[in-house]
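Have a look at the structure below, then the notes.
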Amino acid sequence: MLRRTLLAAAASDRIREFVTATPATRAVVDRFVAGEGIGDAVRVARSLREAGLNVTLDYLGESVTDPLHAAATADQYTALLGKLAAEGLTEGGAVEVSVKPTAVGLSLEAPEPGGSSAAGERIAAGHLSRIAAMAAECGTTVTLDAEDHKTADATLRLAASLRETYPWAGSVLQAALRRTETDVRALSAAGSRVRLVKGAYAEPVSEAFTDRHDVDKSFARCLRILMAGPGYPMIATHDPRLIAITRSLGLSRSPDSFEYQMLYGIRAAQQRALAAAGAKVRVYVPYGSDWYGYLVRRLAERPANLAFFLRALRSL
Ligand code: FDA
């Protein structure tokens with residue numbers, strides 16, 4: 001309930017202005033976000049690599065309403081990939097990038113908030129193919145993040161079209177969505193890279209399981225399908241029970257045939273412990289100045305984060 005209220009309130013421009021203008025927010029942002037510029041992203045990626053972790057970098061921003069902004073985001077990704085490659089960080093896909101389709105234009109001219117349009121899809125396809133070409137040149141991969149369910153079909157089409165040229169292009173599937181078990185079966189093919197997450201968006205009950213236990217059960221079902229399949233599962237959760245199930249299902253696979261993924265700033269000790277035990281672990285690291293939507297989703301996931309944030313505001 002708190003989670004849904006928070007995610008809904010986040011859409012208010014007044015709340016966004018208040019939160020982003022409040023200096024005390026910085027401490028909370030710094031926990032989850034690497035910094036504002038490419039230099040920060042590269043620095044954090046380098047230090048995670050030194051700790052034996054793989055990385056996926058996300059340039060923050062979503063639902064862009066200006067085509068120039070979408071193009072600038074794509075430019076940011078190609079510049080980032082160039083810098084990472086120059087430092088030898090992209091070798092073997094050790095550091096890759098995650099892209100939100102609405103950050104590169106999918107929501108341009110969308111008829112409703114959170115949605116997509118045919119024109120937006122064409123623009124996003126062009127930018128994504130430019131980013132993927134640069135990733136290929138740098139020896140690494142791209143994963144398309146999953147957003148509001150209204151963009152799910154378009155996002156899966158964009159990923160399928162990228163995979164025609166770049167078979168390693170990854171998709172994200174959200175266990176919270178009722179459709180996902182079917183999508184998992186369709187995508188669990190040889191060569192596919194699928195990241196399984198619980199889902200961070202406030203979705204209507206017609207589309208999604210809203211009870212946490214139902215989401216967890218859906219995650220476990222999808223996890224079993226992916227881990228039994230011939231693709232490359234990327235299991236993205238901090239949930240100890242789901243990590244334990246992954247570990248036991250992984251015993252019948254080679255350790256390099258799947259990976260665990262977690263977010264920067266969350267359960268860092270667990271990330272290192274899994275890697276030290278021989279598992280492949282990738283940390284999702286966001287950077288950039290447009291951190292508001294990302295921060296709200298992290299606060300909504302955990303009441304303790306919200307309490308920390310409110311205490312910081314009270315100390316002003
Ligand atoms: P859950 O929320 O049940 O948390 C389990 C435990 O993890 C908690 O008890 C706590 O210990 C810890 N934890 C979780 N969240 C925390 C937080 N914010 N702060 C502190 N501790 C926390 N979603 C999406 O819709 N589209 C996407 O593309 C992605 N991409 C993505 C990539 C990666 C690598 C990860 C790990 C996650 C995503 N997500 C996502 C987010 C995902 O959908 C989900 O909202 C979060 O991972 C939280 O869910 P958990 O599976 O961790 O379980």
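Only heavy atoms go into these numbers, but all of them, side chains included; no hydrogens, no water, no symmetry mates. Just follow the structure's listing: the first ligand is 1, and inside any ligand the first atom is 1.
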Next on the checklist: Between E62 and K100 (salt bridge meaning N to carboxylate O under 4.0 Å), is one present in this structure?
Outcome noted: no

Checklist outcome for this item: Between C138 and A85, the two heavy atoms sitting closest are SG-CB, 3.7 Å

Item to check | Taking atom 19 (N) of ligand 1 as the reference point, the nearest protein heavy atom with its distance | outcome: N305 ND2, 2.7 Å

Checklist entry - Mind checking whether R298 has an N or O less than 3.5 Å away from an N or O of ligand 1? => result yes

Checklist entry - Would a distance-only check, ignoring hydrogens and angles, find a side-chain to backbone donor-acceptor pair under 3.5 Å from N54 to V281? => result yes

Item to check | Residue, atom name and distance, where the atom is the protein heavy atom closest to atom 6 (C) of ligand 1 | outcome: H238 O, 3.8 Å

Item to check | Sub-4.0 Å protein heavy atom near atom 43 (O) of ligand 1 | outcome: yes

Checklist entry - Are D211 and K217 ion-paired here, with the side-chain N under 4.0 Å from a carboxylate O? => result no

Checklist entry - Are the side chain of Y260 and the backbone N or O of H238 linked by a donor-acceptor pair below 3.5 Å? => result no

Checklist entry - With no hydrogens and no angle check, is any side-chain donor or acceptor of R297 less than 3.5 Å from a backbone partner on Y292? => result no

Next on the checklist: With heavy-atom distances below 4.0 Å as the criterion, list the atoms of ligand 1 near A200.
Outcome noted: 23 (N), 24 (C), 25 (O), 43 (O), 45 (O)

Next on the checklist: Using heavy atoms and a 4.0 Å limit, tell me yes or no: is R31 in contact with ligand 1?
Outcome noted: yes

Checklist entry - Which option out of V285, V215, V99, T237 puts a heavy atom nearest to atom 51 (O) of ligand 1? => result T237

Item to check | Residue, atom name and distance, where the atom is the protein heavy atom closest to atom 16 (C) of ligand 1 | outcome: I266 CD1, 3.6 Å

Checklist entry - Is a side-chain N or O of S218 found less than 3.5 angstrom from the main chain of A176, in a donor-acceptor match? => result no

Checklist entry - What are the two closest heavy atoms between E36 and S289, and how far apart are they? => result OE1-CB, 3.6 Å

Next on the checklist: How far is atom 39 (N) of ligand 1 from the closest protein heavy atom, and which atom is that?
Outcome noted: V197 CG1, 3.8 Å

Checklist entry - Any heavy atom of R195 sitting closer than 4.0 Å to ligand 1? => result yes

Item to check | Centroid-centroid distance, Y59 to Y287, less than 6.0 Å | outcome: yes

Checklist outcome for this item: A student comparing L263, D239, L295 should find that the heavy atom closest to atom 36 (C) of ligand 1 comes from L263

Checklist entry - Counting each atom of ligand 1 from 1 as listed, which ones have a heavy atom of Y284 under 4.0 Å away? => result 32 (C), 34 (C)

Checklist entry - Between the side chains of S107 and S63, does any donor sit under 3.5 Å from an acceptor? => result no

Item to check | From the candidates A176, G265, P286, A146, the one that places a heavy atom nearest atom 28 (O) of ligand 1 | outcome: A146

Checklist entry - Nearest protein heavy atom to atom 46 (C) of ligand 1, by residue and atom, and its distance? => result E301 OE2, 3.4 Å

Next on the checklist: If I take atom OG1 from residue T56 and atom CZ from residue R195, how far apart are they, to the nearest 0.5 angstrom?
Outcome noted: 5.5 Å

Checklist entry - Can you list the ligand 1 atoms lying under 4.0 Å from a non-hydrogen atom of A236? => result 33 (C), 34 (C), 35 (C), 36 (C)

Next on the checklist: Looking at ligand 1, would R212 count as a contact under a 4.0 Å heavy-atom criterion?
Outcome noted: yes

Checklist entry - Where the closest heavy atom to atom 25 (O) of ligand 1 is concerned, which of Q261, Q174, R267 has it? => result Q174

Item to check | Subset of ligand 1 atoms that lie under 4.0 Å from at least one heavy atom of D145 | outcome: 28 (O)

Checklist entry - Which residue and non-hydrogen atom of the protein lie closest to atom 10 (C) of ligand 1, and at what distance in Å? => result R302 NE, 3.6 Å

Checklist entry - Where do E121 and S116 land on the side-chain hydrogen bond (donor to acceptor under 3.5 Å, both in side chains) test, with the steps shown first? => result CA-CA 7 Å; E121 195 171 331; S116 62; 5.3 Å; no

Checklist outcome for this item: For atom 1 (P) of ligand 1, the closest protein heavy atom turns out to be K198 NZ, 3.5 Å

